[in-house]
Amino acid sequence: MTSTDVHKDVEDSGPSGYAAARLRLLQEGARSGPPRRSALSELTDDWLAGLFSAGSEQPRGVSLIAVGGYGRGELSPRSDLDLVLLHDGSDPTAVAALADRIWYPVWDLGLALDHSVRTPGEARKTAGEDLKVQLGLLDARHIAGDLGLTAGLRTAVLADWRNQAPKRLPELQELCAERAERQGELQYLLEPDLKEARGGLRDATALRAVAASWLADAPREGLDDARRRLLDVRDALHLTTGRATDRLALQEQDQVAAELGLLDADTLLRQVYEAARVISYASDVTWREVGRVLRSRSVRPRLRAMLGGGKPVPERSPLAEGVVEQDGEVVLARAARPDRDPVLPLRAAAAAAQAGLPLSLHAVRRMAAGVRPLPTPWPAEAREQLVTLLGSGQPTIDVWEALEAEGLITQLLPDWERVRCRPQRNAVHIWTVDRHLIETAVRASEFTRRVHRPDLLLVAALLHDIGKGWPGDHSVAGEIIARDVAGRIGFDRDDVAVLAALVRHHLLLVDTATRRDLDDPATVRSVAEAVGSQGTLELLHALTEADALATGPAAWSSWRGSLVADLVKRVAAVLAGDAPEEPEAAAPTAEQERLAIEAVATGGPVLSLRAQTEPPVTAEDQPAGDPEPLGVELVIAVPDQPGVLPAVAGVLAVHRLTVRTAELRALDLPDGVEGSVLLLNWRVAAQYGSLPQAARLRADLVRALDGSLDIAGRLAERDAAYPRRRGVVAPPARVAVASAASRHATVIEVRAQDAPGLLFRIGQALEDAGVRMRSAHVSTLGANAVDAFYVTDGKGAPLASAEAASVARKLEETLRG
């Protein structure tokens, strides 16, 4: 169907013809993107113009104007129609009738309408009071009626905007900042709002408004393409959902990707992030220029008066060879020659980060266009400047992004391209892969006084997840890449080996500390063998903390830090030549012994709840600030009997308590006391609200053990009362046997979607398998539970290989069922 045919349908059939023609246009597979948005705008123009002139008398002194996105000719399938009926005020009654003749057919078709009826004076007054109205009028476009009236308003609105720019632009900048605070950064969100988030379509519109003020202009390269890409995604989102939505929800992303002809949802998100990054960077540069111009305007008259006229010469302060500060930015010195100085980009970046100043856009573009590639291996100065840049703390981020915006990072580190704008579909991670790496370096810069080789720590922080752009285990792939990059950067063979080990094992400490029995000598020996030296252990400890802190708030706490520190202490002892001692049965504390005796006397469970706190730790390992709550220590003594683990886990789940650590062991009773008692020492925390009373927990535990409390039924009822929301489908649970993890027990690892009652289901399945639990180490990261269970047979020995595999298989089937 041609454009002529579409418009003819509108003329022939009126509003119903418009609806049919609109539907045909949106279903055309061959036309999409800007051509479809433009055609939809033209089609709508023709229909509205027909409504405008449909009366017996043609209105005078009235015009119909499109504003906002419709004014720009960028109608998406479900966009609002933003219209202004402009009139000269001579015949309000006729104008009201005309408005009804236009608005009601629009509403009848179910189209969203944002409308107003104003005189030019009223429109200008409203624009002066409401910045959003003024931004919409900047894109005003004539549809029908008195063209002179429309042209007069456009001219007046633009003149007002330019005259008031020194006052209105700071207001617009504040509006953008407030929106960014509410909506977040488009380039990092898993479910971004394409319009409202920072780097989205609203910011692109704001940049057009700044350009219209003639006060400053945005970097043009790539900006139009970025806007087009976001508009294309919004079009596809409207078509796939049938709704006027700007939020790219997880459950819609595969369909939107297919609509756009993209490989998958990750490819879609990466394109969205790249577009958002272009707009965000352009916004940063533009608002910085606006601030510079406004400061210059306010200062210049005073300087002229002091100097007796003439234009003041900007002061230039040297920062490094070929690099100077001018007017609050880092620029190149007049004698700088990028074509003869391949280290200049790193030197300028390091100087800017150290000074806490932005890199001038002109300087970055000049270096990107003319700098020679660094030789391989890099000269020592280049490596030192990279380390200086990475060690500069928070200012590193903006400087790095400036280099990346012009392609200098991938020129320096070609492997960066695979992680650039790469999404991480994990609720724990709050950044894309590349931003996470820079955030880790920023965090690591706080720990450089803790290690003997801060340069290796900072470079390892930059490279630790570099393997995420490759298939397979990112730590294994990253080790290979890190060796290559470290060699090209110019590190010697020994340093390359250390960096490769840090990347390969960057998850080793936190995984082991939270999922293994640290009292088991095999655990400590395996870590010591992997690390190899005290120096590497020291670096790995700092990298582990920096990585976790840069991941997000769910990845680190004083509790995790204390577990990792305990493991490091034990591994350091082994590396120093002290063999770990075989574990002995720990002597019960006085409280544990009291609880055990009471459990024997009463024949039922007894328990105590005690809050646990620990002061947060600074970079120098010194306590600081108020204590951070680590949860509550729950100690339970219960006569030895089947079903203790699932009973306790189930009762805790019913009371909405999450389990952070769990230990279960048989307790040696004092001489003269008969019976066998199981001691459970767990750390728990309330999901929300306050903790239940200990007496209530005990009463429910008694009922769970005697079978009168139907835990499975209670949990099922609660799940039914709160149905799951739609969202991404979680991958199935995986259960594996960790071979050689312990000589005293079989270690079964469970990785699953965290959910209320998960530990209860695991405990019940292990109970049904007839195994005994020695200890449990549970770890929850966002929506993922990663737990390790040390189990034995009835005689307290590790399970045979076949039996262990069978238990793991049955447990996996249970969790997947």
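All of these numbers come straight from a predicted model, not from anything done at the bench. Side chains are part of it too, since the values below use all heavy atoms of this structure and drop only hydrogens, waters and symmetry mates.
Minimum interatomic distance between Leu189 and Ala197 (heavy atoms only, all atoms of both residues): CD1-CB, 4.2 Å. Closest heavy-atom contact between Ser280 and Gly199: OG-CA, 3.3 Å. The two atoms that bring Ala209 and Leu172 nearest to each other are CB-CD2, 4.2 Å, heavy atoms only. Shortest non-hydrogen contact noted between Ala363 and Leu332 is CB-CG, 3.9 Å. Closest approach of Gly328 to Pro358, counting heavy atoms only: O-CD, 3.4 Å.
Arg270 forms no cation-pi arrangement with Tyr273, by the criterion of a distance under 6.0 Å to the ring centre and an angle within 45° of the ring axis.
A donor-acceptor pair shorter than 3.5 Å cannot be found between the side chains of Gln424 and His436. Ser283 and Asp203 form no side-chain donor-acceptor contact under 3.5 Å, judged by distance and modelled atom types alone. With no hydrogens or angles considered, no side-chain donor-acceptor pair links Gln183 and Arg198 at under 3.5 Å. There is no side-chain donor-acceptor pair under 3.5 Å between Glu259 and Thr240. A side-chain donor-acceptor contact under 3.5 Å links Gln253 and Arg425. Side-chain contact, Thr544 with Asp547: no donor N or O sits under 3.5 Å from an acceptor N or O. Inspection of the His506 and His474 side chains reveals an N or O donor paired with an N or O acceptor under 3.5 Å.
Of the charged side-chain nitrogens involved, none lies within less than 4.0 Å of a carboxylate oxygen, so that Asp193 and Lys195 do not count as a salt-bridged pair. Ion pairing of Glu274 with Arg229 is present here, as a side-chain N (NZ or NE/NH1/NH2) and a carboxylate O approach within less than 4.0 Å. Look at Glu439 and Arg443 and you find no salt bridge, because none of the NZ, NE, NH1 or NH2 atoms lies under 4.0 Å from a carboxylate O. A salt bridge does not link Arg228 with Asp224: every distance from a Lys NZ or Arg NE/NH1/NH2 to an Asp or Glu carboxylate oxygen is 4.0 Å or more. A salt bridge links Glu404 with Arg277: at least one charged nitrogen is closer than 4.0 Å to a carboxylate oxygen. Salt-bridge formation is not detected for the pair Arg288/Asp327: no Lys NZ or Arg NE/NH1/NH2 atom is positioned less than 4.0 Å from an Asp or Glu carboxylate oxygen.
Sorted by first and then second residue, the pairs that involve residues 366-387 and meet side-chain hydrogen bond (donor to acceptor under 3.5 Å, both in side chains), not counting sequence neighbours, are Arg347-Glu381. Legend: salt bridge (charged side-chain N to carboxylate O under 4.0 Å, His left out) pairs involving residues 204-214, not counting sequence neighbours, sorted by first then second residue: Asp139-Arg208.
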Item to complete: List the steps, then state whether side-chain hydrogen bond (donor to acceptor under 3.5 Å, both in side chains) holds for Ser76 with Arg234.
Response: CA-CA 7 Å; Ser76 289; Arg234 186 172 70 167; 3.3 Å; yes
Item to complete: Take Asp415 and Asp484 through the test side chain to side chain contact (heavy atoms under 4.5 Å, CB included) and record every step on the way to the result.
Response: CA-CA 10 Å; Asp415 296 288; Asp484 178 62; 4.1 Å; yes
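Taking 4.5 Å as the limit, some side-chain heavy atom of Gln164 sits within range of a side-chain heavy atom of Gln134. With a 4.5 Å cut-off on side-chain heavy atoms, Leu463 and Leu437 do not count as touching.
Checked against the 6.0 Å centroid criterion, the rings of Trp400 and Trp416 qualify as a close aromatic pair.
Once rounded to the nearest 0.5 Å, the distance linking CE of Met367 with NE2 of His362 reads 10.5 Å. The CG atom of Leu499 sits 8.0 Å away from atom CG of Asp455, with the distance rounded to the nearest 0.5 Å. The distance from the CD atom of Glu446 to the CD atom of Glu545 is 9.0 Å, given to the nearest 0.5 Å.
Within 6.0 Å of CD in Glu174 there are 12 or fewer heavy atoms belonging to other residues, nucleotides or ligands. Atom CD of Glu178 has more than 12 heavy atoms from other residues, nucleotides or ligands within 6.0 Å.
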